[in-house]
Amino acid sequence: MAVIPSLKLRGVDKPMPLIGMGTASFPPADLETTKAAVLEAIKAGYRHFDTAFAYGSEKALGEAVAEALRLGLVQSRDDLFITTKLWVSFTEPSKVVAACEMSLQNLQLEYVDMYLIHWPVTLTEMVRPPVPAEMVKALDMRGVWERMEECKNLGLVKGIGVSNFSCKHLEQLLSIAKIPPALNQVEMNPFWQQKKLRDFCKEKGIHVTAYSPLGANNTKWGDNRILGNDVLADIAKPIGKTTAQVALRWLYEQGVSIASKSFNKERMRQNLEIFDWCLSDQDLDKISQLPQTKGVTLASVLGPHPLVLEIDADL
Ligand code: A2P
């Protein structure tokens with residue numbers, strides 16, 4: 001079974017395994033499929049799982065964790081690091097704690113290890129896209145973060161952080177936070193390297209987690225630009241690795257953690273085999289020159305509203 005290195009985050013006692021298994025799939029997988037994939041991942045050595053209210057995978061993850069404990073695949077819930085996220089329909093101060101409790105109920109857990117604000121925006125109602133413009137409003141950063149801090153103080157969550165926050169949003173958050181965010185989970189891969197944001201986060205002691213590390217191939221929001229890339233394939237071939245492993249290893253060498261999704265038994269194992277070799281300086285140089293294109297946009301989720309486009313432009 002693979003052993004995954006962990007990192008201690010600011011303000012969080014339990015170290016976070018540097019690769020977590022992503023559970024967002026498109027079209028959304030049914031509960032049994034996701035549950036079976038999580039159980040397989042636990043057998044492969046994954047101990048960190050990344051979900052979100054919006055992915056619809058919290059219940060399946062919760063069932064898999066309960067089953068893993070029954071089967072003795074893990075000794076205790078405390079051996080797992082579970083991350084979930086506050087959806088934009090709940091980013092109003094009065095809704096945060098209840099939304100957190102709802103996620104815990106879905107997960108059948110007493111606490112999650114990390115709770116993130118999913119996007120720095122608010123939807124006044126829970127609606128399916130396309131979202132009417134009048135329902136999109138700016139995030140009440142202070143009010144919502146105070147409630148995130150309350151979730152931590154109540155013991156519902158062990159750590160709090162954000163996702164899809166730009167340097168501008170982080171500046172604003174840091175100026176009001178009593179508990180600073182432990183991490184910022186953003187799109188990052190060889191084609192969206194996030195240099196500026198990573199430098200900023202490093203300076204401020206905020207860890208970065210990469211989502212869509214493989215370009216979210218086969219999803220509505222992703223494509224084949226990483227897994228089908230010749231430069232990465234040419235680096236991988238002579239060292240006996242796959243293109244996916246080169247992309248994941250590159251992320252690891254940048255000092256970030258990774259939320260990587262595979263529901264396939266071989267591929268999820270392959271994605272853990274990145275810790276006992278390294279990329280050469282020439283390989284790193286080639287990767288640094290890859291053209292940069294952003295894959296995930298909030299506009300593709302909520303529609304091209306002015307505030308949404310502003311958030312996308314910033315990230
Ligand atoms: P699958 O679940 O069938 O393995 P990301 O982590 O960037 O969101 O990308 C997820 C996509 O990449 C999924 O479609 C997943 O498909 C696929 N994938 C994950 N690992 C690999 C791999 N090692 N090789 C090829 N495709 C992979």
Side-chain angles (χ1 to χ4, degrees), residues 2 4 17-46 48-52 54-57 60-61 64 83 85 116 118 163-164 185-194 208-237 239-252 254 256-277 279 287 290 292-298 300-301 315:
I4 304 164
L18 288 175
I19 293 195
M21 182 190 179
T23 60
S25 49
F26 185 83
D30 61 40
L31 186 142
E32 287 305 325
T33 304
T34 305
K35 181 180 167 185
V38 170
L39 283 168
E40 203 52 64
I42 289 175
K43 288 181 197 157
Y46 287 84
H48 174 184
F49 292 89
D50 183 84
T51 182
Y55 303 162
S57 57
L61 175 56
T83 297
K85 311 183 192 83
L116 308 179
H118 206 149
S163 182
N164 299 301
Q185 185 181 123
V186 292
E187 180 185 6
M188 181 179 160
N189 54 52
F191 284 84
W192 196 241
Q193 300 190 2
Q194 295 278 20
V208 171
T209 300
Y211 75 72
S212 289
L214 303 176
N217 196 24
N218 295 327
T219 66
K220 185 172 65 170
W221 59 92
D223 58 32
N224 196 34
R225 71 192 190 286
I226 294 171
L227 294 173
N229 179 260
D230 288 342
V231 175
L232 297 177
D234 288 346
I235 292 172
K237 215 169 168 191
I239 53 174
K241 305 295 172 195
T242 65
T243 300
Q245 287 173 321
V246 166
L248 296 172
R249 174 73 203 186
W250 176 81
L251 286 162
Y252 173 61
Q254 307 315 302
V256 302
S257 56
I258 302 166
S260 174
K261 181 259 168 185
S262 178
F263 282 7
N264 172 279
K265 187 175 166 179
E266 279 73 42
R267 289 191 288 274
M268 67 172 73
R269 285 168 193 264
Q270 180 196 121
N271 294 349
L272 298 182
E273 303 297 326
I274 62 159
F275 297 113
D276 57 354
W277 53 279
L279 293 163
I287 295 174
L290 288 171
Q292 296 296 292
T293 45
K294 186 162 156 21
V296 181
T297 62
L298 184 58
S300 68
V301 186
L315 260 171

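Remember, it's 1-based here, ligands and their atoms both numbered in the order they're listed.
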Undergrad: Counting only heavy atoms not in K265, do more than 12 sit closer than 6.0 Å to its NZ atom?
TA: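 Incorrect, the count does not exceed 12.
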Undergrad: For ligand 1, list every N/O pair with the protein closer than 3.5 Å, one pair per line with the distance.
TA:
| residue | atom | partner | partner atom | Å |
| --- | --- | --- | --- | --- |
| ligand 1 | 2 (O) | K261 | NZ | 2.8 |
| ligand 1 | 2 (O) | F263 | N | 2.9 |
| ligand 1 | 3 (O) | R267 | NH2 | 2.9 |
| ligand 1 | 4 (O) | S262 | OG | 2.6 |
| ligand 1 | 4 (O) | R267 | NE | 2.7 |
| ligand 1 | 4 (O) | R267 | NH2 | 3.4 |
| ligand 1 | 6 (O) | K261 | N | 3.1 |
| ligand 1 | 7 (O) | P213 | N | 3.3 |
| ligand 1 | 7 (O) | L214 | N | 2.7 |
| ligand 1 | 7 (O) | G215 | N | 3.2 |
| ligand 1 | 7 (O) | A216 | N | 2.8 |
| ligand 1 | 14 (O) | N217 | O | 2.7 |
| ligand 1 | 20 (N) | N271 | ND2 | 2.9 |
| ligand 1 | 23 (N) | Q270 | OE1 | 2.9 |
| ligand 1 | 23 (N) | N271 | OD1 | 2.8 |

Undergrad: Name all residues meeting the salt bridge (Lys or Arg N to Asp or Glu O under 4.0 Å) criterion together with K241; count only those two or more places apart in sequence or in a different chain, and write none if there are none.
TA: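 Checked K241 against salt bridge (Lys or Arg N to Asp or Glu O under 4.0 Å); zero matches.
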Undergrad: Who passes ring-ring contact (aromatic ring centres under 6.0 Å, His included) against Y55, sequence neighbours left out?
TA: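 Once residues adjacent in sequence are excluded, the partners of Y55 under the ring-ring contact (aromatic ring centres under 6.0 Å, His included) criterion are H118.
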Undergrad: In chain order, what residues pass the side chain to side chain contact (heavy atoms under 4.5 Å, CB included) check against T33, with sequence neighbours excluded?
TA: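 Applying side chain to side chain contact (heavy atoms under 4.5 Å, CB included) to T33 gives A29, D30, F263.
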Undergrad: Could you check whether D50 pairs with K85 (Lys NZ or Arg NE/NH1/NH2 to Asp/Glu carboxylate O, under 4.0 Å)?
TA: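 Answer for the salt bridge query: yes.
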Undergrad: I'd like to check L315 versus W192 (side-chain heavy atoms, cut-off strictly below 4.5 Å). Are they in contact?
TA: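 SC-SC contact between L315 and W192 ruled out.
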